[in-house]
Amino acid sequence: MYRPAVRAVPDPELKPPLLQTIFDIYAAEVNRAIDALVAAGTVPADANRKPVTLEPPRDPTHGDLSTNAAMVLAKPAKTNPRALAEALKQELAAAPHVEAVEIAGPGFLNLRLAEPAWIAELARIGEAGAHYGRSSFGEGVRANIEYVSANPTGPMHMGHCRGAVVGDALATLLEFTGHDVIREYYVNDAGGQVDVLARSAHLRYLEALGEDIGEIPEGLYPGDYLKPVGDALAREYGDELRNAPEADWLPTFRRKAVDAMLELIRTDLGKLGIHHDLFSSEYDLQRSGAVDRAEARLREMGHVYEGVLEPPKGELPDDWEPVELTLFRASEFGDDVDRPLKKSDGSWTYFGADAAYHLQKAEQADLLIDIWGADHAGTVKRIKAAVEALTGGKVPLDVLLVQMVRLFRAGEPVKMSKRSGNFVTLAEVVDEVGKDAVRFMMLSRRADAPLDFDFAKVKEQSKDNPVFYVQYAHARIQSMLRRAEAEGLAPAPPEDCAGHFDETDQALLQLAAQLPRIVRLAAEAHEPHRVAFFLESLAAAFHANYNRGNDDPALRVVRPEDAARSNARLALNRAVGQVIANGLGLMGVEPAHEM
RNA sequence: GCGCCCGUAGCUCAGCUGGAUAGAGCGCGAGACUUCUAAUCUUGAGGCCGCAGGUUCGAAUCCUGCCGGGCGCGCCA
């Protein structure tokens, strides 16, 4: 029913060459050092190296890079960490540009690198440009990420916004780390609420034919957005269906109305810069027999039986009565109770169809990610159970629960009521504050923490507003580069930068060079907010460095009287701007060039 | 009652999947504007990381049990 959007097939020719970053290079050196100890018999060959890390130490006085290798390997090597550290130190000291290796604390190995090592990273930022931070650890992994999946019964409201942005940013992050990503939207067009939509559209159809429909009855969708649907139906069918029984028009009206709603939703998502590769219809899924096949598969494996569920705990629904149902043994896969696949009337439950839908996704992916509202937390276990049963545990499913967004206007909460149709739509918010601000704010907290969204704050031009703060850093850098050009200066090639950076400059470069690590960590943890936090800290470091020029004119970046140093620092600042732009790009935010 | 999420500075939150002396912003105190965009920056005070055990070289991070808050509990979607 819904044509998938044309999916761009990644052209291997266009794939940029991946550069080894400074962390890759020295991680390899650490590995080499361990290899040497293995060869010497100090460390067993089968020792698990996975917990070995190479990170910038939190305290910069500890050096440029730090590894826990000695501590992690001490146990398998049956020695103490410091003794192992001594042996590793000898090996690491031979690595290029290593000025010093120190053993510290319980057995950390701290590496101090000579400037050329960092200048080389500066060169890589320039060389990779918009691709800096890209990696290939997801190479060969097909990741399916399903997000938004709002019911096609009306325009998007703010309740949908956060999941949409988080899902989209995570998808971009996974692409950037080499995964083959499918962005998917599950269209819930098979349930009763779509009948309600069709009836609501029918009423608007009568209205378009000139009937006085009065108040929209309780239980139907009252929104004006259905008027154009009614108009279109009236144009198409004229009087034909005016007095026809419901059965004559319901299926058609369902389809027409859902199509129209999806068009609305697509438009809304477009305003946020979100485009899915695939819209999958629950209705089509059921008609195709996919759900029957999934059930048969579970039945074959002995995971399905006919039975009666215990009454639910807590508040008992008024109409509860014990009935025999087709049940999936979810409790054997970690769920609390078994779950019905079919209703007593023989039709599929939402869960039954969803299980089949996940099987369909799993057949074409190595990793499944669902982005759900936190109010669906109660159904995570059952769908994970179903995926595990259906795929034999081969395809992992991660369900990200996205917490609520509380809207405020100048500190006052914005009241929303679904019943009265009085909700804040996504389009309104994007039109008011802009796509970039919305996206950044949605990523400025961990997904599982509630988020306050204050219109006043988001539009504020001050450092209280992280969107602005980061954008301003980028704009300032562009402004600086323009100014430098006017003064006859230009960013120096990396080889001319040596010796021109002081400690603060070095620290800024080292922070910018962390982008690839942050990207990787964020992608692995499925936590796009990490990019936002990184950008805030990088912007802060930039502003601080920049501002030194106000106290001491000799520390200004644009200084024609010292062109060599000025050009070197321009190269550094340009690289910082590149990193900010790349990070913003991952969040779907356009960098500002002037403000 | 059961399940999931959360509990870190007065407030809002980070904390690199177990690392070194727990960080940032706001707010509060003290400073820097003939600015390369002060739309910014510098600096000070402020902490039994909810509580109690456990796991180990090492715990805010993992496990168990409490306490407190949020969400959920259906043949709905």
Side-chain angles (χ1 to χ4, degrees), chain A residues 51 53 55-59 62 66 68 71-72 74-75 80-82 104-108 110 151 188 190-194 282 309 311-317 319-321 323 325-326 335-337 339-345 347-354 373-381 401 403-404 444-446 448-452 460-466 468-469 471-473 475-476 479-484 487 514 517-518 520-522 524-525 527 529-530 533-534 536-537 540 543-551 553 555-559 566 570 573 594-595:
Chain A
T53 59
E55 300 170 352
R58 195 160 32 199
D59 183 345
H62 289 145
S66 178
N68 62 356
M71 290 181 289
V72 169
K75 191 174 251 182
N80 71 71
R82 294 197 72 103
F108 286 101
N110 294 332
N151 288 338
N188 301 141
Q193 87 284 9
V194 183
E282 180 186 2
L309 282 176
K313 299 286 192 270
E315 229 176 294
L316 201 62
D319 54 354
W320 192 88
E321 49 188 74
V323 176
L325 297 164
T326 300
D335 200 355
D336 310 307
V337 293
R339 304 292 178 178
L341 293 167
K342 279 184 178 176
K343 304 179 198 173
S344 54
D345 68 1
S347 65
W348 297 111
T349 60
Y350 182 86
F351 167 65
D354 205 22
D375 52 343
H376 288 76
T379 60
V380 172
K381 280 186 183 176
L401 296 176
Q403 279 291 346
M404 312 212 119
S444 66
R445 289 270 176 281
R446 260 181 18 216
D448 57 9
L451 170 68
D452 291 346
E460 192 174 296
Q461 309 232 319
S462 80
K463 68 164 306 187
D464 296 359
N465 176 0
F468 172 81
Y469 187 68
Q471 289 282 30
Y472 181 46
R476 225 178 191 183
S479 159
M480 199 159 72
L481 289 167
R482 286 192 296 269
R483 169 114 189 180
E487 300 275 0
Q514 284 197 49
R517 287 185 66 242
I518 302 292
R520 186 188 171 124
L521 290 166
E524 279 175 337
E527 290 183 349
H529 76 276
R530 291 188 188 200
F533 278 96
F534 169 69
E536 285 191 57
S537 63
H543 284 306
N545 190 22
Y546 175 95
N547 218 63
R548 293 191 298 159
N550 291 335
D551 298 328
L555 286 173
R556 290 184 186 185
V557 177
V558 180
R559 265 182 95 238
S566 188
L570 281 168
N573 281 278
E594 53 190 341
M595 304 185 87

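Just so we're on the same page: letters track the sequence lines, and every chain starts at 1.
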Minimum heavy-atom distance between [X] and [Y], given as atom pair plus value:
X         : Y         : value
His62(A)  : Asn110(A) : O-CB, 2.9 Å
Arg482(A) : Glu594(A) : NH2-CB, 3.6 Å
Pro553(A) : Arg559(A) : O-CD, 3.2 Å
Leu325(A) : Pro340(A) : CD1-CB, 4.1 Å
Glu460(A) : Asn465(A) : O-ND2, 2.8 Å
Asp335(A) : Lys381(A) : OD1-CB, 3.5 Å

Would you say [N] has OP1 or OP2 under 4.0 Å from some side-chain N or O of [X]?
X         : N       : result
Lys463(A) : rA24(B) : no
Ser479(A) : rU37(B) : yes
His529(A) : rG15(B) : yes
Lys75(A)  : rU56(B) : no
Arg530(A) : rA14(B) : no
Tyr469(A) : rC41(B) : yes

Please report the distance, rounded to the nearest Å, between [atom1] in [X] and [atom2] in [N].
X         : N       : atom1 : atom2 : value
Asp59(A)  : rG23(B) : CG    : P     : 9 Å
Leu555(A) : rC41(B) : CG    : C1'   : 13 Å
Gln461(A) : rU40(B) : CD    : P     : 10 Å

From the options [options], select the nucleotide whose nearest atom is closest to the side chain of [X].
X         : options                   : answer
Arg445(A) : rA14(B), rU40(B), rC71(B) : rA14(B)
Glu527(A) : rC36(B), rU40(B), rG15(B) : rG15(B)
Lys381(A) : rG3(B), rC71(B), rU37(B)  : rG3(B)
Glu55(A)  : rC4(B), rC41(B), rU17(B)  : rU17(B)

Could you check whether Tyr546(A) and the base of rC36(B) form a stacked pair, meaning centres closer than 5.5 Å and planes differing by less than 30°? yes
Euclidean distance for [atom1], [N] against [M] (whole angstrom):
N       : M       : atom1 : answer
rG25(B) : rG1(B)  : P     : 43 Å
rC5(B)  : rA22(B) : P     : 28 Å
rC2(B)  : rG46(B) : C1'   : 41 Å
rG27(B) : rG15(B) : C1'   : 22 Å
rC4(B)  : rU42(B) : P     : 44 Å
rG70(B) : rA32(B) : P     : 47 Å
rA59(B) : rC49(B) : C1'   : 11 Å
rC6(B)  : rG50(B) : P     : 13 Å

For a quick check of understanding: with a heavy-atom distance under 4.0 Å over all strands, which category does [X] fall into, base, sugar-phosphate or nothing?
X         : result
Arg556(A) : base
Tyr472(A) : base
Met595(A) : base
Ala544(A) : sugar-phosphate
Ser66(A)  : base

Determine whether Leu401(A) and Asp448(A) make a side-chain contact, defined as any pair of heavy atoms from C-beta on separated by less than 4.5 Å. no
Report yes if a donor N or O on one partner sits less than 3.5 Å from an acceptor N or O on the other, where the partners are the side chain of Arg517(A) and the base of rC16(B); otherwise report no. yes
Using heavy-atom distances to pick each residue's nearest nucleotide on RNA chain B, tell me which of Asn68(A) and Glu594(A) is more 5'. Asn68(A)
Which comes earlier along RNA chain B counting from the 5' end, the contact point of Asn110(A) or that of Val557(A), where each point is its nearest nucleotide? Asn110(A)
Is the terminal nitrogen or CZ of Lys343(A) (NZ for Lys, CZ for Arg) located under 6.0 angstrom from the six-membered ring centre of Trp348(A) and within 45° of that ring's axis? no
For nucleotides 75-77 of chain B, give me every protein contact, N/O to N/O, under 3.5 Å, one pair per line with atom names.
residue	atom	partner	partner atom	Å
rC75(B)	O2	Ser344(A)	N	2.8
rC75(B)	O2	Ser344(A)	OG	3.1
rC75(B)	N3	Ser344(A)	OG	2.7
rA77(B)	O3'	Gln193(A)	OE1	3.0
rA77(B)	O3'	Gln193(A)	NE2	2.8
rA77(B)	O2'	Asn151(A)	OD1	3.4
rA77(B)	O2'	Asn151(A)	ND2	3.0

Is the ring pair Tyr472(A)/Phe468(A) parallel, tilted or perpendicular, if the boundaries are 30 and 60 degrees? parallel
Syn or anti for rU42(B), taking syn as within 90° of 0? anti
Return yes if some donor-acceptor pair links the side-chain N/O of Asn68(A) with the main-chain N/O of Pro51(A) below 3.5 Å, else return no. yes
